Amino acid sequence: MLTVQLIRENPEFVVKRLAIKNFDAKEAVEKIIALDEKRIAIQKDLNAKQSEINSLSKEIGALFAQKKVEEANAAKEKTGELKEAIKNLDQEMTDVASQLQKELVLLPNLPAEIVPAGKNADDNVVVKSQEGVAPMESNLLCHWDLAEKYNLIDFELGNKLTGAGFPVYVGVGAKLQRALISFFLDRATAAGYKEYQPPIMVNEASGFGTGQLPDKEGQMYYVGMDNLYLIPTAEVPVTNIFRDVIVKESDFPIKCTAYTPCFRREAGSYGKDVRGLNRLHQFDKVEIVRIEHPERSYQALDEMVAHVESLVQALGLTYRIVRLCGGDMSFTSALTYDFEVFSAGQKRWLEVSSVSNFETFQANRLKLRYKDEKTKKTVLAHTLNGSALALPRIEASILENYQTADGIKVPDVLVPYMGGLTIIK
RNA sequence: GGAGAAGUGGCAGAGUGGUCGAUUGCAACGGUCUUGAAAACCGUCGUACCGCAAGGUACCGGGGGUUCGAAUCCCUCCUUCUCCGCCA
């Protein structure tokens with residue numbers, strides 16, 4: 001959520017920046033400014049009347065103490081009208097505040113200066129690409145065929161138990177999941193990220209804090225009986241650890257990591273995008289989250305990108321890093337880098353990580369601030385997060401890229417996590 | 001799930017209808033003292049909104065109510081603790 005102060009002070013700037021996300025904010029900005037002015041006017045009036053009633057109450061107290069009951073009763077009458085007026089103003093205030101909130105919540109985050117304009121994924125900018133291991137064979141199988149051939153994943157069984165998009169990992173396939181989770185967590189903790197194991201259901205306040213609610217309500221599974229949501233990413237519970245928190249400036253950098261299952265309804269997806277492991281309703285992911293000083297958040301973003309890069313490199317995958325254009329960015333992000341790995345069987349790029357700086361957008365919703373040691377002011381912090389990494393597409397890419405006539409080679413870094421297994425037969 | 005108790009500032013802990021945004025202690029920060037440190041002493045020490053400022057307003061788990069006036073009384077929800085039940 002953008003701050004009212006920003007909108008009030010730089011309305012043209014806000015409109016101009018949001019145009020890069022293909023969002024026309026002109027009307028909303030005008031409305032917000034008008035509502036804010038109204039809010040301030042009501043507040044002034046309300047404050048004056050409350051002040052008056054407060055001093056009257058004190059007088060009445062004094063009069064009663066002096067046993068001047070007559071005068072006290074006269075003063076009481078005066079408070080009557082004031083109370084009525086305050087009641088009305090209170091109502092107005094509530095209305096205006098909720099209208100203002102409603103408008104504010106609809107505005108996406110401003111894209112950073114270097115975000116390229118563009119409509120969709122075609123306009124993203126590839127900032128780096130690097131070759132990894134390349135399969136020798138010419139008749140390459142896709143991972144869903146490999147998974148069946150080597151008994152690693154049972155998609156049909158998942159259909160039976162739950163439905164489409166909920167695969168069952170079996171035997172060595174299950175072990176490979178566990179290996180990847182451990183490998184990613186070990187790398188993250190070695191890089192200074194503190195490990196958490198958060199709840200995988202969250203309440204409404206948490207969903208709002210990171211921006212999933214109310215905008216993307218349809219993307220999360222909802223457990224109505226208890227009014228809870230299944231998390232679409234560990235970003236939600238982990239970032240919300242810092243909801244309503246004022247950290248010390250010396251606490252920075254705050255670095256967290258967590259492995260969680262993730263649940264996404266993915267309404268509206270179809271075709272080759274959802275085949276095999278490409279898009280699931282439940283998947284595993286290790287997430288890294290950072291809370292940063294505003295002056296250092298972009299440096300932190302670079303560090304996170306470097307961390308994720310070290311993971312795909314260690315796994316020997318062919319990858320590229322793209323900077324998302326305005327039209328492809330999420331509602332909440334100011335700058336996002338996506339990692340895509342090449343999947344040799346499908347011959348396509350698969351997104352395996354998204355690393356973003358949200359600047360103060362989430363912090364404002366979360367009321368996550370730090371105390372500035374020089375000015376003694378409380379200031380909104382910056383939040384960032386990134387997948388490090390999401391498992392299914394990594395697994396798809398490993399299966400497809402490491403396939404040989406004799407089986408699937410286990411990437412060297414995973415061998416210790418696989419109990420010494422070097423080839424899956 | 002049932003019964004009881006409790007939720008106050010970073011922590012501890014006063015306050016049961018009026019000048020209480022809240023005594024006090026600890027922690028923290030600034031200073032005096034000291035070669036340095038500790039101790040001692042002095043000062044600062046919640047958040048938000050309005051205001052150039054002085055200052056004003058709101059907030060004592062959340063919401064609602066009673067009252068001229070609520071941290072204090074009432075209702076309700078949430079959370080924590082104790083006991084019972086159930087259970088991985």
Side-chain angles (χ1 to χ4, degrees), chain A residues 1-9 32-101 103-105 197-209 213 223-229 237 240-252 254 261 291 360 363-381:
Chain A
M1 188 162 70
L2 299 177
T3 62
V4 194
Q5 296 91 294
L6 175 74
I7 295 167
R8 192 164 49 194
E9 285 160 24
I32 286 166
I33 291 173
L35 283 167
D36 189 45
E37 281 169 2
K38 204 167 163 189
R39 194 199 101 240
I40 290 172
I42 296 170
Q43 170 112 55
K44 281 183 188 171
D45 200 2
L46 198 56
N47 282 0
K49 289 202 163 64
Q50 268 161 342
S51 180
E52 203 175 329
I53 215 167
N54 283 348
S55 53
L56 271 174
S57 292
K58 281 178 190 171
E59 281 175 33
I60 291 169
L63 290 171
F64 272 126
Q66 296 162 39
K67 308 259 193 263
K68 296 180 181 167
V69 179
E70 290 284 310
E71 287 174 56
N73 283 332
K76 269 197 203 183
E77 305 231 337
K78 274 201 278 183
T79 60
E81 325 169 12
L82 278 172
K83 276 183 80 176
E84 191 60 29
I86 285 173
K87 205 173 165 190
N88 291 336
L89 282 170
D90 245 338
Q91 187 55 49
E92 263 186 81
M93 186 60 139
T94 309
D95 290 347
V96 169
S98 84
Q99 280 178 55
L100 183 60
Q101 173 80 355
E103 290 294 327
L104 280 171
V105 148
Q197 193 172 86
I200 58 175
M201 291 205 274
V202 292
N203 57 28
E204 204 174 329
S206 293
F208 177 80
L213 294 175
V223 183
M225 193 180 280
D226 294 296
N227 198 22
L228 295 172
Y229 296 84
N240 271 280
I241 291 171
F242 302 94
R243 170 153 51 84
D244 291 318
V245 169
I246 299 173
V247 300
K248 287 194 287 246
E249 205 172 345
S250 56
D251 290 340
F252 294 131
I254 297 170
I291 315 297
T360 59
N364 190 32
R365 292 172 159 242
L366 293 159
K367 301 207 192 322
L368 160 52
R369 293 158 296 174
Y370 69 95
K371 187 73 122 181
D372 186 295
E373 276 163 21
K374 280 198 208 96
T375 63
K376 306 285 179 203
K377 292 243 163 94
T378 45
V379 186
L380 291 173

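Numbered from 1 within each chain, the chains take letters A, B, ... in sequence-line order. What you see is a predicted model; the values in this text were computed from it and never measured.
Within the 4.5 Å cutoff, no side-chain heavy atoms of N240(A) are placed close to those of V202(A). At a threshold of 4.5 Å between non-hydrogen side-chain atoms, the residues T378(A) and K371(A) count as touching. Here the side chains of R39(A) and M93(A) are in contact, with some heavy-atom distance below 4.5 Å. Considering only heavy atoms from C-beta on, I7(A) comes within 4.5 Å of L104(A) through its side chain. Annotation: side chain of V247(A) is in contact with side chain of F252(A) (closest heavy-atom distance under 4.5 Å).
Summarising the geometry, atom NZ belonging to K76(A) is positioned 11.0 Å from atom CG belonging to L63(A); distances are rounded to the nearest 0.5 Å.
In a base pair of the Watson-Crick type (N1 to N3 plus N6-O4 or O6-N4) or a G-U wobble (N1-O2 and O6-N3), with each distance short of 3.5 Å, rC20(B) is matched with no nucleotide.
The C1' atoms of rG13(B) and rG7(B) are separated by 13 Å, rounded to the nearest whole Å. Spacing between rG21(B) and rA88(B) at atom C1', rounded to whole Å, works out to 47 Å.
Taking the side chain of K44(A) as heavy atoms from C-beta on, and the options rA48(B), rU57(B), rG51(B), the nearest nucleotide is rG51(B).
The phosphate of rU57(B) has OP1 or OP2 within less than 4.0 Å of a side-chain N or O from N54(A).
Less than 4.0 Å separates RNA chain B from at least one heavy atom of each of the following residues of residues 76-85 of chain A: K76(A), T79(A), K83(A).
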